[in-house]
Amino acid sequence: MKLIDGKDISGKVLDEIKLSIDERLKNNLKVPHLAAILVGDDGASKTYVNSKIKACERVGFKSSLFKFDDSISENELISQIQDINEDNDIDGFIVQLPLPKHINQEKILNKVSPDKDVDGFHPNNYGKMTLGIDTFLPATPAGIIELIERSEIQTEGKKCLVIGRSQIVGRPISILLSQNNSFGNSTVTVAHSRSKDLKKLCLESDIIISAIGIPEFIKGDMIKEGSSIIDVGITRVKDISSPKGYRITGDVDFKSVSSKVGYITPVPGGVGPMTISMLLKNTLKACELSD
Ligand code: NAD
């Protein structure tokens with residue numbers, strides 16, 4: 001079994017970004033500026049945004065946090081987004097999800113300028129991704145591709161099963177892996193909550209990418225010897241032995257699959273750390289495009 005160390009690979013990506021920033025500074029070019037919009041008081045959202053800001057500091061990006069009370073109206077939020085769209089110093093920005101229920105998420109994401117949409121969720125960028133046109137790829141699928149490439153896992157002609165069809169992970173990664181490029185050319189199957197006989201689908205697969213959010217759902221008897229597993233799932237499971245009272249668990253029962261797999265990502269420390277480094281990579285790209 002080979003462990004894919006997402007923390008290490010993410011660190012390498014951040015170091016590469018830092019080198020690009022040093023180079024930009026030498027050439028008197030502007031440093032990238034990432035902004036984040038945070039609405040409300042959700043603890044997990046605050047943690048995610050803070051990690052993004054910390055990562056900006058590590059690589060030498062400028063960052064801004066726009067915090068709003070969860071009573072903000074949809075129109076007011078749209079007007080704030082328009083201001084950020086027009087702010088020439090900000091290269092990219094994200095709207096931390098989820099938004100309060102009275103705000104239409106789709107409407108808000110559509111207001112983000114596609115040139116600053118470093119999350120890759122605007123329909124223009126999502127469409128480009130689907131067509132295989134260079135654009136900002138959504139961060140988690142881009143992170144998965146980076147892990148696969150840097151671990152030299154062969155995808156061409158391989159049977160790849162994506163479990164989960166969300167707009168942020170399952171659907172985009174299934175599109176990317178089927179495309180005709182160096183990290184694609186897989187024969188991709190997408191499974192979801194209505195799929196039948198998941199065990200059979202898993203046993204037939206060379207690569208499994210699981211993004212469902214059910215702790216330890218995939219067991220050793222469901223996978224083929226030597227297959228590669230990318231575990232995207234992140235679920236908090238009660239654990240009184242942990243100081244926090246919970247532990248983070250993936251979709252895969254690591255213990256029972258570890259003796260059979262070729263490559264596997266741990267949880268935590270696999271896909272998770274890649275998401276932020278890919279967001280920063282997109283922000284650098286946005287900045288370079290506006291040079
Ligand atoms: P989601 O939570 O929106 O949807 C879950 C998906 O799983 C659905 O498409 C559903 O059809 C499928 N599903 C549910 N039960 C199933 C079953 N029994 N068999 C087959 N498919 C089933 O998806 P999401 O937003 O992609 O999140 C999935 C998991 O990935 C969550 O645990 C989430 O926390 C995690 N996640 C991690 C990262 C990261 O950076 N590592 C990023 C995004 C999401």
Side-chain angles (χ1 to χ4, degrees), residues 3-11 13-14 36 42-45 47-52 54-55 94-99 105-106 109 118-121 126 129 136-148 160-177 188-205 208-219 222-223 229-238 246-254 264-282:
L3 201 64
I4 303 174
D5 188 342
K7 226 173 151 183
D8 181 59
I9 296 176
S10 167
V13 173
L14 291 176
D42 179 68
S45 293
T47 309
Y48 288 138
V49 164
N50 286 335
S51 315
K52 288 166 189 174
K54 253 172 114 175
I94 57 147
V95 181
Q96 186 64 47
L97 303 176
L99 290 168
Q105 192 166 296
E106 199 180 308
L109 295 180
V118 287
D119 257 341
F121 294 154
Y126 212 85
M129 173 200 67
F136 303 117
L137 298 181
T140 304
I144 295 170
I145 296 294
E146 199 80 24
L147 290 178
I148 288 177
C160 177
L161 177 67
V162 175
I163 317 177
R165 56 180 164 187
S166 71
Q167 282 189 26
I168 59 168
V169 187
R171 188 164 308 147
I173 193 66
S174 68
I175 292 165
L176 293 170
L177 284 168
V188 180
T189 301
V190 181
H192 45 76
S193 53
R194 309 283 177 93
S195 297
K196 297 230 161 51
D197 211 350
L198 194 66
K199 183 173 176 179
K200 181 170 175 280
L201 293 172
C202 287
L203 281 166
E204 287 167 358
S205 303
I208 297 175
I209 297 179
S210 184
I212 48 181
I214 304 177
E216 298 177 350
F217 180 79
I218 296 172
K219 308 282 183 198
M222 292 170 73
I223 63 153
I229 302 192
I230 309 288
D231 188 353
V232 189
I234 298 179
T235 312
R236 280 185 183 189
V237 175
K238 197 173 166 190
Y246 68 86
R247 66 190 152 83
I248 300 293
T249 307
D251 289 349
V252 178
D253 178 13
F254 193 89
I264 186 165
T265 57
V267 176
V271 177
M274 295 303 295
T275 301
I276 292 181
S277 51
M278 301 320 286
L279 172 70
L280 266 52
K281 214 172 162 178
N282 276 347

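Counting convention: from 1, in listed order, for ligands and their atoms alike.
- With Pro273, Ser193, Pro215, Ser210 as candidates, the residue nearest to atom 11 (O) of ligand 1 on a non-hydrogen basis is Ser193.
- Counting heavy atoms only, Ile234 comes closest to atom 32 (O) of ligand 1 of the residues Ile234, Val267, Ile230.
- Taking atom 9 (O) of ligand 1 as the reference point, the nearest protein heavy-atom neighbour is Arg165 N, 2.9 Å.
- Atoms of ligand 1 found under 4.0 Å from any heavy atom of Gly272, numbered from 1 in the order shown, are 40 (O), 41 (N).
- Which parts of ligand 1 touch Ile214 is read off a 4.0 Å heavy-atom cut-off, strictly below it: atoms 15 (N), 18 (N).
- Of all the atoms in ligand 1, the ones that sit under 4.0 Å from a non-hydrogen atom of His192 are 11 (O), 19 (N), 20 (C), 21 (N), 22 (C).
- Looking only at heavy atoms of the protein, atom 43 (C) of ligand 1 is closest to Val169 CG2, 3.6 Å.
- Looking at Cys202 and Leu161, their side chains come closer than 4.5 Å, going by heavy atoms from C-beta outward.
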Report task. Give the C-alpha distance, both sets of side-chain angles, the deciding distance and a yes or no for side chain to side chain contact (heavy atoms under 4.5 Å, CB included) between Arg165 and Ser193. Result -> CA-CA 9 Å; Arg165 56 180 164 187; Ser193 53; 3.9 Å; yes
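- Of all protein heavy atoms, the one closest to atom 37 (C) of ligand 1 is Val232 O, 3.1 Å.
- Here the side chains of Val252 and Glu216 are not in contact, with every heavy-atom distance at 4.5 Å or above.
- Near Gly164, the atoms of ligand 1 lying under 4.0 angstrom from a non-hydrogen atom of the residue are 6 (C), 7 (O), 9 (O), 12 (C).
- Inter-residue side-chain proximity for Ile148 and Leu177 is flagged as met; some heavy-atom pair is nearer than 4.5 Å.
- Within a 6.0 Å sphere centred on NZ of Lys219, other residues, nucleotides and ligands contribute more than 12 heavy atoms.
- From the protein, the heavy atom lying nearest to atom 27 (O) of ligand 1 is Ala211 O, 4.5 Å.
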Report task. Decide yes or no on side chain to side chain contact (heavy atoms under 4.5 Å, CB included) for Ile144 and Met274, but give the supporting numbers first. Result -> CA-CA 8 Å; Ile144 295 170; Met274 295 303 295; over 6 Å; no
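- Val162 places a side-chain heavy atom less than 4.5 Å from the side chain of Val188.
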**Report entry** Derivation and outcome, side chain to side chain contact (heavy atoms under 4.5 Å, CB included), residues Leu147 and Ile145
**Finding:** CA-CA 5 Å; Leu147 290 178; Ile145 296 294; over 6 Å; no
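- The proximity of Ile168 to ligand 1, defined as any non-hydrogen pair under 4.0 Å, is limited to the side chain.
- Between the CD1 atom in Ile168 and the OG1 atom in Thr275 there is a gap of 8.5 Å [rounded to 0.5 Å].
- One distance of note links CG of Asp231 with CG of Asp253; it measures 10.5 Å at 0.5 Å rounding.
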Requested in this report: Determine, stepwise, if the pair Ile218 / Ile163 fulfils side chain to side chain contact (heavy atoms under 4.5 Å, CB included).
Outcome: CA-CA 10 Å; Ile218 296 172; Ile163 317 177; 3.7 Å; yes
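- In summary, the atoms of ligand 1 found under 4.0 Å from a heavy atom of Ser166, numbered by their order in the structure, are 3 (O), 9 (O), 23 (O), 24 (P), 25 (O), 26 (O).
- Heavy atoms from both the backbone and the side chain of Ile212 come within less than 4.0 Å of ligand 1.
- Looking at atom 31 (C) of ligand 1, its nearest protein heavy atom turns out to be Gly213 CA, 3.8 Å.
- Here is the list of ligand 1 atoms found below 4.0 Å of a heavy atom in Thr140: 40 (O), 42 (C).
- The protein atom (non-hydrogen) at minimum distance from atom 40 (O) of ligand 1 is Thr275 OG1, 2.8 Å.
- Close approach of ligand 1 to Phe217 (heavy-atom distance below 4.0 Å) involves ligand atoms 18 (N).
- Within the 4.5 Å cutoff, side-chain heavy atoms of Leu198 are placed close to those of Phe217.
- Distance check on atom 4 (O) of ligand 1: every protein heavy atom falls at or beyond the 4.0 Å cut-off.
- Those atoms of ligand 1 with a heavy atom of Ile163 less than 4.0 angstrom away are 20 (C), 21 (N).
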